[in-house]
J.: 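Before I ask anything, let me first share the structure, which is written out below as structure tokens.
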Amino acid sequence: MSDVVLKDEAIFRSAEMSLIQLYIPQEVSRDAVYGIGEIGLVQFRDLNTKVKAFQRTFVKEIRRLDNLQRQYRYFHSLLVKHNIKLYEEFEDEKTFSLPPSTSSIDDHVDSGTLLEDRMVQLVEASEQLEKQKADLEQNRFVLQAGDSFFGGVGKQDSEADMPPQSISFVTGVIPRSKVSSLEQILWRVLRGNLLFKRIEVPGLVYDAKLKEPVYKDAFIVFSHGALIMQRIRKIAESLDANLYDISESQDERSEQLSKVNTSLSDVNTVLDSTTKSLETELYALAKELDGWNKSVSREKALYETLNLFNYDSNRKTLIGEGWVPTDELEDLQEHLSTLTANLGVDVPSLIQVMETNRTPPTFHRTNKFTEGFQNICDCYGIATYREINPGLPTIVTFPFLFAVMFGDMGHGMLMTMAASLLVIYEKQIGRMKRDEIFDMAFSGRYIVLLMGLFSIYTGFLYNDMFSKSLTIFKSGWKWPEHWELGETIFAKQVGTYAFGLDHAWHGTENGLLFANSYKMKLSVLLGFIHMTYSYMFSLANDIYFKNWINIVGNFVPGLLFMQGIFGYLSICIVYKWTIDWVKDGRPAPGLLNTLINMFLSPGTVEEELYPHQAQLQVFLLIVALICVPCLLLIKPLHFKFTQGRHEHQPLAGSEEGVAQQDQENGLLEDEDDDENEGGHGEEFGDVVIHQVIHTIEFCLNCVSHTASYLRLWALSLAHAQLSSVLWTMTIQIAFGMTGFVGVVMTVVLFGMWFVLTCVILVVMEGTSAMLHSLRLHWVESMSKFFEGEGTPYEPFKFHCVGFEVPA
Amino acid sequence: MSFYTVVGAFVVVVLSSAIFWVLAPKKNQTVWRSTVILSLSMMFLMWAITYLSQLHPLVEPRRSDLRPEFAE
């Protein structure tokens, strides 16, 4: 536990990284890198970018392992073909282990080659036998069919009419798909001068050409003339027919048949034993293959990493460079020293932290809970190094904004239950093989869980449970004492409903009117607060990076602009709610008109919301208008004045600068040969254009993003209406019926209602609300502060890819 | 029952957030603090908006399908 506290959590900002240089003695390089791969802390930089892939030090080893993996894939395809299950071992929790010795890898290579030869031999033999067997079977069938072929002919014409010398025939077997084309071609070639008969071979027959079983037909063609017979043979063979000569006389045929039968049984015996020995080998292989494949793919990853190292043959050391989280440095050092101690080598491996101006990769430490939310943000862009991570607030805001659109206690409960199942059985399910869609749901199980829980809460506030209201608290409305049937009645306010929407509104004629006004204002207020909250992160970023000009030139004018218009609107909304307009006997001013008139006719207010409203609005308008040129000008002017002073210094990008940099590069050739991130050549023009774009975007986005939050209202309205329609159209019908029909209908309609609720309202509507919530985060929220110009931290770590199952 | 209910609830939420800030588990402290406090504040916000919108309503429920027996 103690080291957990010491380490930076690295979720609010990415972890601090250090560039290290590793000196590893050549003899232990393989073992040391193996150890590093097991703990997975270092992201190695490629020190040989100028060396082509096939010129690197360990190409030979990698090629050998590639070949071995190809052999393993071949074995796996054989296993799949013979329906033998691969025995997979699950990796246990990390235990410190030494890499397999090089000789064991050599053994793998040798045995791989041996096994492949053996397998290829066996497979070829069995294929050959299969072919023979099919051939014999076809022959046998043609012989059996001979009876019906000649019998049919014999019935039509008496044997005396048929001169045996001139009439000859061809018999054979042909794939069923080609039988009609054979018949047509023969008909045309011989001008109808033939007799064609065919019989379907029952069942599938192995085809040597396609190497798979197909349906076939046996056929016989009667015609005359040696030349024509030759032609028929050629045509039949060109259509993949197998021809078999059979005799006309029945005695000879039965003799042939018995011969064929004996050889067929011989072939069958041999084929059986061949298949059996192949399968025995495969069963033995199935137990080992996964383990072998894992160790070989590790070995390959290891050599690929070693290829990134600088190989110094004189000093007999390998030099590697890589990024490590700064707070993990000690762990790494400790790990390496125990490793070298275990190996019994005198020369220690050295780690040296380097000073650098390169931008380190972004590394957020996630756990199973935060991982899903982090992925949502990483999909949009990887945060810049040490920038505020939007993944942290997303944990709450994403499911909550979802729930505002999805608010229904019942649907929320269904969602919570499904997600809880995934969470409770996560260990078992984690081991299972999952298809793509289920895997998506599984990896987002904590997101779904929070979405469900918040939906229950918002459903409680909307007072919606499967579109019905709960009457938990005392209603704030009172209906009149008595009324006639069908009389229109109005409720009188006697209080305020304590928690959520008053159930008195349920089923009223103007309930939707009230709900719309409430939900619309709710979305504007929530949207404004969400955007302001996100905007504050940009302030925190600027303070952290000491980017003062950004605060003065971007943050403050932007904040004043946004608050002056939309902050004012939000305050007006809340203020209007707090005033009892009915008691005061004043007309309640429309806020929409107030806001429009604030721009169109500043200084005049038709219906006053509060005293001195006109003056304040004019003031706010002027402030907002002043903010626009401030946004536009402060940053470029600042750039002009500060950069103007250093104008004699060459900027990177100008010719002078390039020349000077080349000189510097000459000195630092071996250290700094790639990714020159030295100076950003930013011209004054670039800054101006950038700032103009930012200004226009920001001012327009203030309007459009606020409007965009109205989707919260629209989606929640649609959801509530859809669920109430579903209720009325299905289960409510059953409530009017009585007796046996009533029982049956209740059961049937309940089933229908429940299935449709799950499929349409929970899954489909849930997906749609999720996508809208995603958009609100990526566009409306993250555009306020997020730069997203980082590169992900991908440490060298062994992870084994299993065999892909061919589709 | 008035605007002060909302203010009172706000104070309660701020206090409980402050208490949680101190009491948050040491492991994954940032995640705990952010998640719990942000949840509390969003839940408060939504409740407060719902409550305020019903404080002085400008329209009253209207219906003509209630049976007379329903009268209390």
Side-chain angles (χ1 to χ4, degrees), chain A residues 1 4-5 9 11-12 367 369-370 392-393 395-397 400 404 454 457-458 461 476-477 479-493 495-502 504-505 507-511 513-514 517-518 521-522 525-526 529 574 577-583 588, chain B residues 1-14 16-18 20-72:
Chain A
M1 279 298 272
V4 177
V5 178
E9 235 182 302
I11 187 79
F12 183 57
N367 51 32
F369 175 69
T370 51
L392 183 64
I395 295 174
V396 178
T397 51
F400 198 88
V404 172
F454 280 130
Y457 179 76
T458 51
L461 282 178
W477 296 98
W479 296 107
E481 295 293 317
H482 40 75
W483 62 88
E484 297 299 312
L485 189 66
E487 186 190 337
T488 304
I489 46 170
F490 294 90
K492 220 167 79 77
Q493 195 185 14
T496 311
Y497 199 63
F499 209 99
L501 219 58
D502 202 320
W505 286 105
T508 51
E509 285 163 14
N510 54 355
L513 192 81
F514 177 75
S517 133
Y518 153 64
K521 284 164 184 163
L522 172 80
L525 288 177
L526 279 185
I529 290 165
V574 175
W577 278 337
T578 59
I579 302 293
D580 196 342
W581 299 97
V582 182
K583 201 177 90 186
Chain B
M1 288 287 180
S2 66
F3 186 69
Y4 295 104
T5 320
V6 178
V7 176
F10 178 72
V11 171
V12 170
V13 167
V14 168
S16 46
S17 299
F20 186 80
W21 180 272
V22 179
L23 295 183
K26 287 283 171 290
K27 201 183 172 192
N28 292 318
Q29 199 175 34
T30 318
V31 179
W32 274 110
R33 282 176 176 169
S34 151
T35 306
V36 171
I37 294 176
L38 203 54
S39 308
L40 275 178
S41 29
M42 291 206 79
M43 285 159 84
F44 161 75
L45 267 178
M46 192 152 161
W47 167 80
I49 291 168
T50 313
Y51 185 82
L52 282 172
S53 73
Q54 296 179 95
L55 200 55
H56 302 297
L58 297 169
V59 287
E60 54 231 27
R62 179 188 77 218
R63 62 192 304 168
S64 49
D65 56 349
L66 271 191
R67 285 193 298 263
E69 306 92 271
F70 191 73
E72 287 158 24

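Each chain gets a letter, A, B and so on, in the order its sequence line appears, and its residues count up from 1.
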J.: Looking at A/Ser517, A/Gly486, A/Ala588, A/Ala504, which has the largest count of heavy-atom pairs under 4.5 Å with chain B?
T.: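 Option with the greatest count: A/Gly486.
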J.: Under the rule for ring-ring contact (aromatic ring centres under 6.0 Å, His included), what residues qualify as partners of A/Trp577, not counting sequence neighbours?
T.: none
J.: Between B/Pro57 and A/Gln493, is any pair of side-chain heavy atoms under 4.5 Å apart?
T.: yes
J.: Is the closest side-chain heavy-atom distance between B/His56 and A/Ile579 below 4.5 Å?
T.: no
J.: For A/Thr458, which atoms come within 4.5 Å of any heavy atom of chain B: side chain, backbone, both, or neither?
T.: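 For A/Thr458, backbone and side chain are both near chain B.
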J.: So what's closer than 4.5 Å to chain B heavy atoms on A/Thr370: side chain, backbone, both or neither?
T.: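 The side chain, not the backbone.
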J.: Taking the side chain as everything from C-beta on, heavy atoms only, tell me whether A/Phe400 gets closer than 4.5 Å to B/Met46.
T.: yes
J.: Rounded to the nearest 0.5 Å, what's the gap from CG on A/Asn510 to CD on B/Glu60? Could you check?
T.: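 Reported to 0.5 Å precision, the distance equals 8.0 Å.
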J.: With a 4.5 angstrom heavy-atom cut-off, could you sort out which part of B/Leu45 is near chain A: side chain, backbone, both or neither?
T.: side chain
J.: Heavy atoms only, distances under 4.5 angstrom: which of B/Ser53, B/Ser39, B/Ala48 has the most pairs with chain A? Name it, please.
T.: B/Ser53
J.: For a quick test of reading the model, state the closest non-hydrogen atom pair linking B/Thr30 to A/Leu392 and the distance between them.
T.: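 Reported closest heavy-atom pair: CG2-CD2, 3.8 Å.
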J.: What closest approach, in Å, do B/Pro68 and A/Leu485 show between heavy atoms, and which atom pair accounts for it?
T.: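 Heavy atoms of B/Pro68 and A/Leu485 come nearest at CD-CD1, 3.6 Å.
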J.: Quick check: do A/Tyr518 and B/Gln54 have side-chain heavy atoms less than 4.5 Å from each other?
T.: no
J.: Report the distance from atom CG of B/Leu66 to atom CH2 of A/Trp479, rounding to the nearest 0.5 Å.
T.: 5.5 Å
J.: Measuring from A/Leu513:CG to B/Arg62:CZ, what's the distance to the nearest 0.5 Å?
T.: 8.5 Å
J.: Between CD1 of A/Ile489 and CZ of B/Arg63, what distance do you get to the nearest 0.5 Å?
T.: 7.5 Å
J.: Using a 6.0 Å cut-off, check whether atom CZ of B/Phe20 has over 12 heavy atoms from anything other than its own residue.
T.: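 Correct, the count exceeds 12.
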J.: I'd like to know which of B/Thr35, B/Asp65, B/Val6 tops the heavy-atom pair count under 4.5 Å against chain A.
T.: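 Top option by heavy-atom pairs under 4.5 Å: B/Thr35.
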J.: Working to the nearest 0.5 angstrom, can you tell me the gap between A/Leu526 CG and B/Ile49 CD1?
T.: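 Going from the CG atom of A/Leu526 to the CD1 atom of B/Ile49 covers 4.5 Å.
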J.: Report the option among B/Met43, B/Arg67, B/Gln29 that has the most heavy-atom pairs separated by less than 4.5 Å from atoms of chain A.
T.: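 With the most close heavy-atom pairs to chain A, the winner is B/Met43.
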J.: Mind checking the CG-CZ spacing from A/Asp580 to B/Phe3? Nearest 0.5 Å is all I need.
T.: 14.0 Å
J.: Tell me, side chain or backbone of A/Leu501 under 4.5 Å from chain B's heavy atoms, or both, or neither?
T.: both
J.: Check side-chain contact (heavy atoms from CB on, under 4.5 Å) between B/Ala9 and all other residues, then give those that pass, not counting sequence neighbours.
T.: B/Phe44, B/Trp47
J.: Taking the side chain as every heavy atom from C-beta outward, state whether A/Phe12 and B/Ser34 have any pair of such atoms under 4.5 Å apart.
T.: no
J.: Are any of the side-chain heavy atoms of A/Phe514 and B/Pro61 separated by less than 4.5 Å?
T.: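 Sidechains of B/Pro61 and A/Phe514: no contact.
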J.: Should the heavy atoms of other residues, nucleotides or ligands under 6.0 Å from CH2 of B/Trp32 be counted, would the total exceed 12?
T.: no
J.: Examine whether an atom of A/Tyr497 lies under 4.5 Å from a heavy atom of chain B, and if so say whether it belongs to the side chain, the backbone or both; otherwise answer neither.
T.: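 Its backbone and side chain both get close to chain B.
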